[in-house]
Structures are given as structure tokens and as C-alpha cells.
Amino acid sequence: FYALDMFPYPSGAGLHVGHPEGYTATDIVSRYHRAKGYNVLHPMGWDAFGLPAEQHAIKTGQHPRENTATNVANFKRQIKELGFSYDWTREVNTTDPGYFKWSQWIFLQLYNSWFNPETNKAESIDTLTYPDDLTTEDQKREYRDNHRLAFVSHAPVNWCPALGTVLANEEVIDGKSEWGHEVIRKPMRQWMLRITAYAQRLLDDLQLVDWPESLKKMQSDWIGRSEGAEVDFQVDGLDKKLRVFTTRPDTLFGATYMVLAPEHPLVDPITTDEQRDAVKAYQDAAAKKSDLDRTDLAKEKTGVFSGGHAINPVNGAKIPIWIADYVLISYGTGAIMAVPGHDTRDLEFAQEFDLPVIEVVEAPGDEENIGFTGNGVSINSDFLNGLPTPEAKQKIAAWLEEKGLGEKTINYKIRDWLFSRQRYWGEPFPIVWKDGHHEALPESELPVLPPDLDDYKPTETGEPPLARAADWVNRPDGTTRETNTMPQWAGSCWYYLRYIDATNDASFCGAEAEKYWTGQTDNSGPDAKPGVDLYVGGTEHAVLHLLYSRFWHKFLFDLGQVSTPEPFHRLVNQGLILGEVEYTLFKDAEGDPVSATELKDIAEEATETGLKMAGIHKQSGEKLFGEKITEEDAVQDGNHSVFAQDKAIRLDARSFKMSKSRGNVVNPDDVLAQFGADAFRLYEMFMGPLEMVKPWTTKNVAGVYKFLGKVWRLFIDDASDTEFEQNLTTDAGNGESHLAAVKLAAGIQDVEPTKEQNKALHTCIKKVTEDLDHMRFNTAISAMMIFVGEAQSWNAKPASVLRQFLQLLQPFAPHLAEELAAKLDALSGKAFKTLTYDAWPAVDESFLTEDSITLPVQINGKVRDRIEVAADASDEDIEAAALASEKVKSQIEGKTVRKIIIPKRRLVNIVAN
RNA sequence: GCCGGUGUGGUGAAAUUGGCAGACACACGGGACUUAAAAUCCCGCGACCGUAAAAAGUCAUGCCGGUUCGAGCCCGGCCACCGGCACCA
């Protein structure tokens, strides 16, 4: 059983409370599976290349390796303190040469492969066949280089001047970098990975995995498959064809103009002399716009007429060709046929520039035809008239193909992956340049180590920092090294495979080990699945790491290097932990706190009375006068009792994402110091379902801490406990030996459990086991709380029952559970057997059956009474018992009983009127 | 704008297949123990109505409607919040 966590970037700030949430979940699942007899792979490592370490290096001049090592040590300390059962012999660090040697090796495989569309698989570049008209070696080389899965591109890329590096599309958010710096488009020589070749497989294979639907959706949206047709329009007066992509070929009769992206190669030839200056100016302006500007101006359509015209192939109509930046060069063919009648953007543009609009689809119902973009029936479209949209699409596509005017095509939004960065702290490429051509270094030269530098700053020219190391760049054989480095994702793309065989220096991951842990083998457990069995992490990687990893994995699968098509079988997203709930105290204009009822009145009258207010009342939408207060203040404000008891104020109790600027970050070290690791683990699991977003409440940590105290007192003799605490206070350093002196409670004996005791235990075993199978940790904990509450009242406590309970507790609170188990075993005179490798208790259903059961009796769906019947009572017996109830009798008096329903003997419902 | 998720007491939340709404906790109130406090243990705790106290009753899972003997859960229509995508033709 392979239980995997998303490995952290070891930042200088240390662990935040979000990290241990997922880690605790996988640790519990790992411990549970060990107890069930599985061999469990549960590793941890460090995604340690990255920008913060590099910026620290720029500031201090210290090598990023040093700062990274410090941060890793701190993370490791914090993680170890939490008692996670990681196999540290498999620890990986993406910045170790022994690790990134294999990142570079995988890159070499990509470089030396191409994607064969016939087989739909990656193959060695040696199997590539060349078109007959390529005769010279140079031509063949160019053809070959253009087919590699790792290739060089000169296309415009996302350049971030502030960071001094380029970024992948997935890393640009709203036209800005993750850190909020502006990103502009700029043509540069870059390494790309051909992820687009895998678009369809990445989409299809989402069916193979057990992932949250929302996350699959995000990936499929990102891949962005759309079916449509490409259509050729003849350019009027020129021997050129203008090819467009459309998902609505059925609206071809409604195309009243065309639009080219400003970067489109046909812009120049079709522009007339009168329009040339205007077009040139528009192109220049568009080139200067950053992506942010382009999205900011999304509401206002801009464009310029080229002067040229095209011929609509279906009706010979001469339509004008415009240039506008709402058409993107990077999607489809970089040109569109505009159908303003049935496309929102085209309509806006047509209205802005007074272009004709034709209706060609009849909208269903009483909807307006113009502006209707859904499926309807074709009109004003000659041979398509009367056809519903899907059929019209089929017919026009067949017509276009027959006439050689176009064909059905599929387009994807996903772009090739920009894989180079102008940074120091990343894997150097195993590539050298010679006479303007790139060449792969042989495997024997791996790992390629980065040179030491005095200055890690990015250069203004966009040259990577590695270019400063002239000795390193210029090799004795006359070749020069590639000076870009790989992005942080390179290391995280395949780390889960390295854990499997972490110390192998002959292979990135041995085939045997890979099959054992992720493939199906004879000794796979009953619920083993191909790939990592369980992967837990946040949603922030939905389209970055998780897409890149799947791509690399599929590539390695094609090469026969891994045995499964998908890397992660089951994926669970932990929900974000927010900061403590914040309350707002509302005051009136005089500064007096207002009560909830007053609050409502004030909200209603706000505009008329002209009160000065701040904040928004959620329901009324009215503005309110407010100031931030703590929950304690709220409760103490008894006179106005606004906060503790009233709904209205709850609307204004909110929690926010933890952030330094808001000052609501919870440091795990502080929580551990106060409550210990077990309480911390337990709290993170008790706060709610793993997948849900939930606020942190330190008071509730005290709650589970109290529960652990109850468990302790259940086992431990009072007098020795008091002594233990006193000794700890006066002589804390000897905790271990004081602990050894603590005695078990006298009530704990090697005796046979009573029926009630067995029932309590097995109810708990059943609930905890079922909940763990479904990762419902919060309710498993409440089941254990119920057991402990009951066990507290027992005079004689059977050691066997308590030991089984400890086995249930162990995955959640291993420190306490193991300590108490050791004491129990000593009582029984047995050698201590660690809970970690002891068997999970089995449920004995016979203890759960009852002699009699209590059923609620409803009259017309409302519970009126409860009856007790024998466990094996028939429906007739139950019915009779229900009708015999005094309360039932008085309720149905004067009414006719229409029907009595006894579903699965869980309740009785009497229908009477 | 489109897509997804969520909405239940003062708070975090339970309710596993349509079958007793609020498990388990936090907070709060009361009590026991204590010189006192902390800790611990016990009791109460959705709202309304009612009562000396109870009992009984009514309402209640964002809002409006539907299906059903029965709806937090299913269906239709809305609202709010959170997240994702967003000129992708």
C-alpha cells in the first residue's frame, strides 16, 4: 500500500498548520494498513529547488544550497516531532545531484523521443522516418529537432521582468506571476516539452483514476478539447487562402466579416495601402500590451479594418477582413469567421464597428434569435435550412470535405510546456550547443552540476545567471553549455517514483520495485490499485504538478519504464485551514454597541438617518458601523448579548485565509509546545471532514487534549499520576524515568469482559474501522470518545478490551497509545509488542446484536412514542405493539388508520386521518 | 459571464441507501470536590409556547414550490458565500 503526501517546498517560514493536515491523514491511513497486514510505503522528501532560496542567495551572496539545507533541517525537525511514520531511508531531495541526475536523464529521454501519431505513443527518435523531399543532413536535422518531445522554440513567451525569468502558462495568473509581478509577452529562445501530443490521452485517462470530480474537471477544462471544423476562405484578389477554426460550421451563412489576430502572417499581404499605417499602428500597440492589459480591456473591443476581403465559400459573399486582438494567435488558426448573429464577442465587435448582422439560427421558445448561441434550427442557410444544429454541423462538414474547402478538426486549449527558466537554482540542461545546433550530452556525463557563482542575480538581458560562469559554459571541445535551467516542476514530476527505489544509482527506479509498489503483482493486497494507492494534497496543484506528472508518467509508460498508465490512482484534496473566526462589533453613531434587533433596524434606516457606518450586513446588504473584536469580548458583552446568542451577528463572524499581513497564522510549534503532537494530530482530524475548508479554533485543540487526558486517567493510577506531574514540574529533564514509575490503575485486570463491555468495544471497533476505510477521521474520533466515556464508569476494566481500544487509537495518537500499551503488557507479564505492527482488532458482530430493539412510532410522519420489541419480532408483532401504545391511541382517536409502514424494522409510521 | 462546491444550534460539526434532525466536541449556565482557584466529575443547553416545576404542543436543516406514508438528503425555480476558468472562436 503506497500512501503519498505532496512533498513540501522547505520555505524559511517552516511548517504551517495546513501541511500536517494531509500528512496526519496519510499517516493514520498508513498505520491502519500496517495493522491490517499490508506492507506500507510512506515516504517524505523535499521539493527544494525554487525561487525563494535563490532570492535569499541574491540578497546574502550565500549559496542557495546552504539556506536550503537549513530549511530542510527545520522542516524535518517539525515533521518528526509530529510522529509521522515516514521511512526516512527513502527521503529524497530534488536538489541532490544523485536525484537530479535522473531528472536530467528523463529530460534526455524526452529529447531523444518523438510522438508517433500512428501508434499514439512516444518512440525513440531513431524510428522517425523522413519525408522524401528532405535530402541534406541539415534538412533532416531540422525535421528531427522539430519532432523531439523536448524542443527549442522562438515563439513569444511569458517573460517576467521583475523575476528575470520566463514562466509557463500554468504559472501565469491574471497576467501576473504568483508573486504579483507583471508578465509580458516576448519572443525568446526556449526549451519546450510537447505535452500537447498527450492532450487526448491526458483527457481520456481521467476515467481511470479515482479523483474528485471537480479536479478532473479543472484538468479537462485546462486541456480544453473542442470539436469543430477548419474552413478555407479565398482572399479576394490574392492567391491566398485564409483558414479559420470554428465550432459552429453550421453558422457559416451568417459569417459577415473575418478577424485575424494582429500577429497573423497574412495580415501583411492582405492589408491595402490606404489601411497600412492604421494596421501597423494597431499591431504595434497590441505587441506592447501585456496579457494583463489585454484581459483588462476585455469589455471594450478594439480593431482595425485591413482593407482586404475574403469570399465566403458557401455563398460567394465578399466579406471584410478585420484585425483585432480579441482573436488570439495561439489558438486554432489565429483567424476566425465572425458570426455576430450567434456569438457574443462577434456581436459586440460588430456593434462597435457597425458591421452587418445576419440571423442563421432560430432560437427555441420565445428567445431572441440575434445573440442566441445555443443549439436551434438553421435558417437563412440554403441547404441547411430546417436542420437542428447538430445535424446542420454534420451536413456542412460533409459538404466542406467533399468540396475540399475544409475538414472536421479537434482543437485543444493546452499549449506546449515552456520548460526553461533563467535561474540559477534549478537543474542545468544536459545539452550543449555547437555551430548553432543543440546536442545531448551522453548519459555518462550526468549529473550536470551547476557551477558556483559569486552573483546569483538575473541579468538584464535575459541571459541566465549560469552564463556568468564562462569556464563552465565554454567546454574544451569547443561546445558551449545550455545556460537555462529546468523549472521547479521537473523534480516534482517524478519524485513518487524515486521513493520506490531511492538509493538506486543505476536507474531512476528499478523495474522490480516499481512493479511491487505501483503495479499489480501476485502479492498485491485486495484493494491495491495500479499506481500510488492514495495521494493527499491541496488543490493548488490541480493543473500544474498533477498535469505535468501525468504527462511524464505516460511518457515513461510509453518507453516501458513504468508499468501503469496513470501515476496516482486515488487522490484526495485536503481542504484549506483558515484562520480563527473574526467577529465584528457593531456600534451606532454615538458609539454604543447595538443589539441584534437594533442592528436590523439600523440597517434598514441606514440611508435615511445618515449614520456613519462601515462593513456590510450580509443579508440586508446595508452598510454598518463596525470594529474588529475577539470572541472573548463578544461573549463578555453580556448587556447587549449581541454575539453569543443571536443569529444576526453570526452573519458577521468570518474567517479568512491565514496570512502574515492579517496576522492570523498559527504556528504548529506553538501548538505542539502547549498540547503535544497527539493532541495536534487529533485536533486536525477532529475539526471536520478532510476535504472541507474549515477555520482553526485553538480552544477546540484544548477539547481533544482533554480527551487524551481522559484516556490517560482511564489507564493510570491517580496517586502515581499526581506524583508524575509533580516530578515533571520539578525535574522535567527526567521525563522518561518518571514516566516509567507511573502505575496502571487498580481497576485494570486480566478478567473476562462483560457483555456490555464487549458491546462498547465492538461498537467502537466497527465504527472506527468503517470510518477509516472512508477516511472519515472526525467521526472515528467521536466513536472513541464515546467508548472512553463509557469505559470510565467501569469498576473492573478488562486489560484485553483496553488493549484493543489502544490499537484503534494508535493511528491517531501513537505516542500515548504506545506508552499505555507498554504498561498494559507489563501488567500481563508479556513482552511489549508495539501497536505499530500488531494486528487490527476484528469486529465480532455477535456482541452487537440485541435482545430487544427500540423503535420510534410516527403518526403521519411525526414521532409520538417509542416502543420496545423483541429483536426478532415480526412486522405483525411490531404493528400490534405500536397500536397498543397509549400515546398512539390518543393520537389516532377519531381517525381512520389508512396504512402502517414498517420499513426495514427501523420505525413505524401510522398514516391516519 | 460559465463551471464546480458549500449553506444544519451561540461555534466546529453528525445524520453511511429517502426513515428518530443536531451524535461527538467547543462555548455557556448550574452543581459536587476545594480555604480558594485550577484540574476533574455530574447535570442542563435549537427556537417558540406553556408550567410553580414538568408534561403536552408548535416551528425549525439558506428561500419558494413539488414528489412521497415520510425530505437536511430526490426534482424544479431562486438567493448567498467560497473556489476555479474566463475574448479559446
Side-chain angles (χ1 to χ4, degrees), chain A residues 174 212-215 217-218 221-222 224 226 228 244-248 259 294-295 297-299 301 324-328 330-333 335-339 343-346 348-349 411-414 539 542-543 575-576 578 581 618-619 621 631-632 634-635 641 643-647 649-651 653-654 657 686-689 691-697 699-704 706-707 709-710 713 718 725 767 770-771 774 776 778-779 781-786 789 792 854-863 866 887 890 898-904 906-912:
Chain A
D174 291 337
E213 285 306 313
S214 61
L215 203 143
K217 185 81 171 47
M218 275 194 233
D221 282 353
W222 189 265
S226 72
V244 300
F245 172 72
T246 176
T247 54
R248 292 298 298 271
V259 186
R294 272 171 91 142
T295 39
L297 295 172
K299 291 138 218 150
K301 292 272 181 297
D325 67 0
Y326 82 92
V327 172
L328 308 174
S330 55
Y331 185 74
T333 60
I336 62 157
M337 63 173 208
V339 184
D343 182 284
T344 319
R345 299 147 301 176
D346 295 347
E348 279 172 25
F349 191 82
N411 251 296
Y412 299 92
K413 272 197 255 182
I414 190 170
T539 37
V543 286
L576 199 64
L578 305 175
V581 174
K618 264 201 199 167
Q619 264 186 348
E631 194 185 4
E632 279 76 10
V635 171
S641 69
F643 307 98
Q645 303 297 331
D646 202 290
K647 263 188 182 174
I649 212 64
R650 191 189 140 241
L651 299 171
R654 292 189 58 191
K657 211 166 164 170
F686 190 59
M687 56 198 301
E691 300 87 342
M692 228 141 76
V693 177
K694 43 211 175 282
W696 179 271
T697 315
K699 264 186 188 150
N700 291 356
V701 187
V704 292
K706 268 200 258 181
F707 164 68
K710 270 192 195 184
R713 285 188 300 277
D718 271 349
E725 279 174 32
K767 178 76 178 145
E770 283 174 1
D771 282 350
H774 296 96
R776 293 189 293 244
N778 52 335
T779 48
I781 293 167
S782 83
M784 290 189 283
M785 287 174 167
I786 292 169
Q792 267 180 322
T854 305
L855 300 181
V857 182
Q858 299 180 337
I859 316 279
N860 296 331
K862 280 185 184 150
V863 180
R866 277 157 229 280
K887 284 180 185 164
S890 67
R898 302 281 172 198
K899 209 178 192 183
I900 298 178
I901 299 153
I902 306 172
K904 289 168 250 166
R906 290 170 76 164
L907 57 71
V908 184
N909 190 12
I910 299 171
V911 186

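Per chain, numbering begins at 1; letters A, B, ... match sequence-line order.
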Donor-acceptor check, side chain of [X] to backbone of [Y], threshold 3.5 angstrom: yes or no?
{"X": "K694(A)", "Y": "M692(A)", "result": "yes"}
{"X": "T333(A)", "Y": "A335(A)", "result": "yes"}
{"X": "N411(A)", "Y": "S226(A)", "result": "no"}

Contacts of V704(A) and N860(A) projected onto RNA chain B by closest heavy atom; the upstream (5') one is V704(A)

Sorted by position of nearest nucleotide on RNA chain B, 5' first, the leading residue of T246(A) and S214(A) is S214(A)

As a test of reading the structure: which of [options] is closest to the side chain of [X], going by heavy atoms?
{"X": "Y326(A)", "options": "A25(B), C87(B), A89(B)", "answer": "C87(B)"}
{"X": "V327(A)", "options": "C87(B), A86(B), A89(B)", "answer": "A89(B)"}
{"X": "S226(A)", "options": "A89(B), C69(B), G12(B)", "answer": "A89(B)"}

Could you give the [atom1]-to-[atom2] distance, from [X] to [N], as a whole number of Å?
{"X": "K699(A)", "N": "G10(B)", "atom1": "NZ", "atom2": "C1'", "answer": "11 Å"}
{"X": "I859(A)", "N": "G57(B)", "atom1": "CD1", "atom2": "C1'", "answer": "15 Å"}
{"X": "L576(A)", "N": "G84(B)", "atom1": "CG", "atom2": "C1'", "answer": "14 Å"}
{"X": "M337(A)", "N": "A89(B)", "atom1": "CE", "atom2": "C1'", "answer": "9 Å"}
{"X": "D346(A)", "N": "A89(B)", "atom1": "CG", "atom2": "P", "answer": "12 Å"}
{"X": "E691(A)", "N": "G83(B)", "atom1": "CD", "atom2": "C1'", "answer": "15 Å"}
{"X": "I781(A)", "N": "C26(B)", "atom1": "CD1", "atom2": "P", "answer": "13 Å"}
{"X": "I900(A)", "N": "G70(B)", "atom1": "CD1", "atom2": "C1'", "answer": "15 Å"}

Shortest non-hydrogen contact from [X] toward [Y]:
{"X": "E770(A)", "Y": "R776(A)", "value": "O-NH2, 4.0 Å"}
{"X": "D346(A)", "Y": "I336(A)", "value": "OD1-CD1, 3.5 Å"}
{"X": "P856(A)", "Y": "V863(A)", "value": "CB-CG1, 4.2 Å"}

Say you pick atom [atom1] in [N] and the same atom in [M]; how far apart are they, in whole Å?
{"N": "G65(B)", "M": "C79(B)", "atom1": "C1'", "result": "15 Å"}
{"N": "A25(B)", "M": "C41(B)", "atom1": "P", "result": "11 Å"}
{"N": "A14(B)", "M": "C87(B)", "atom1": "P", "result": "37 Å"}
{"N": "C3(B)", "M": "A15(B)", "atom1": "C1'", "result": "30 Å"}
{"N": "G30(B)", "M": "G66(B)", "atom1": "P", "result": "46 Å"}
{"N": "C78(B)", "M": "A27(B)", "atom1": "P", "result": "43 Å"}
{"N": "C33(B)", "M": "A38(B)", "atom1": "C1'", "result": "12 Å"}
{"N": "G22(B)", "M": "A36(B)", "atom1": "P", "result": "39 Å"}

Sugar-phosphate only, base, or nothing, as touched by G224(A) at under 4.0 Å among non-hydrogen atoms: nothing

What is the nucleic acid contact for K217(A), judged by heavy atoms within less than 4.0 Å: base, sugar-phosphate only, or nothing? sugar-phosphate

Report the residues that fulfil side-chain hydrogen bond (donor to acceptor under 3.5 Å, both in side chains) with [X], sequence neighbours left out, ordered by chain and then residue number.
{"X": "K657(A)", "answer": "none"}
{"X": "T779(A)", "answer": "D771(A)"}
{"X": "S330(A)", "answer": "none"}

Those stems involving RNA chain B that have three or more consecutive Watson-Crick or G-U pairs, both distances under 3.5 Å, are B:1-7 with B:79-85, B:10-12 with B:24-26, B:28-32 with B:40-44, B:46-48 with B:57-59, B:62-66 with B:74-78

Protein-nucleotides 13-23 of chain B N/O pairs under 3.5 Å:
from   : atom 1 : to      : atom 2 : distance (Å)
A14(B) : OP1    : N778(A) : ND2    : 2.9
U16(B) : O4     : K767(A) : NZ     : 2.2
G19(B) : N2     : N909(A) : ND2    : 3.4
C20(B) : O2     : R866(A) : NH1    : 2.0
C20(B) : O2     : R866(A) : NH2    : 3.2
C20(B) : N3     : R866(A) : NH1    : 3.2

Please test N700(A) against M687(A) for side chain to side chain contact (heavy atoms under 4.5 Å, CB included), starting from the C-alpha separation and ending with a verdict.
CA-CA 8 Å; N700(A) 291 356; M687(A) 56 198 301; over 6 Å; no

Is there a side-chain contact between L907(A) and I902(A), using heavy atoms and a 4.5 Å cut-off?
no

message = Is there a side-chain contact between M337(A) and T246(A) in this structure, where contact means two heavy atoms from C-beta onward sitting under 4.5 Å apart?
response = yes

Quick test: give all pairs of protein nitrogen or oxygen and nucleotides 38-43 of chain B nitrogen or oxygen below 3.5 Å, distance rounded to 0.1 Å.
from   : atom 1 : to      : atom 2 : distance (Å)
C41(B) : OP1    : Q792(A) : NE2    : 3.2

| said: Measuring to OP1 and OP2 of C69(B), would you say a side-chain N or O of K899(A) lies under 4.0 angstrom away? | reply: yes

Within 45° cone of F349(A) ring axis and under 6.0 Å: K301(A) NZ or CZ = no

*asked:* For the CZ atom on R898(A), are there more than 12 heavy atoms of other groups (residues, nucleotides or ligands in this structure) within a distance under 6.0 Å?
replied: yes

Assigned chi class of G9(B) under the 90° convention is syn

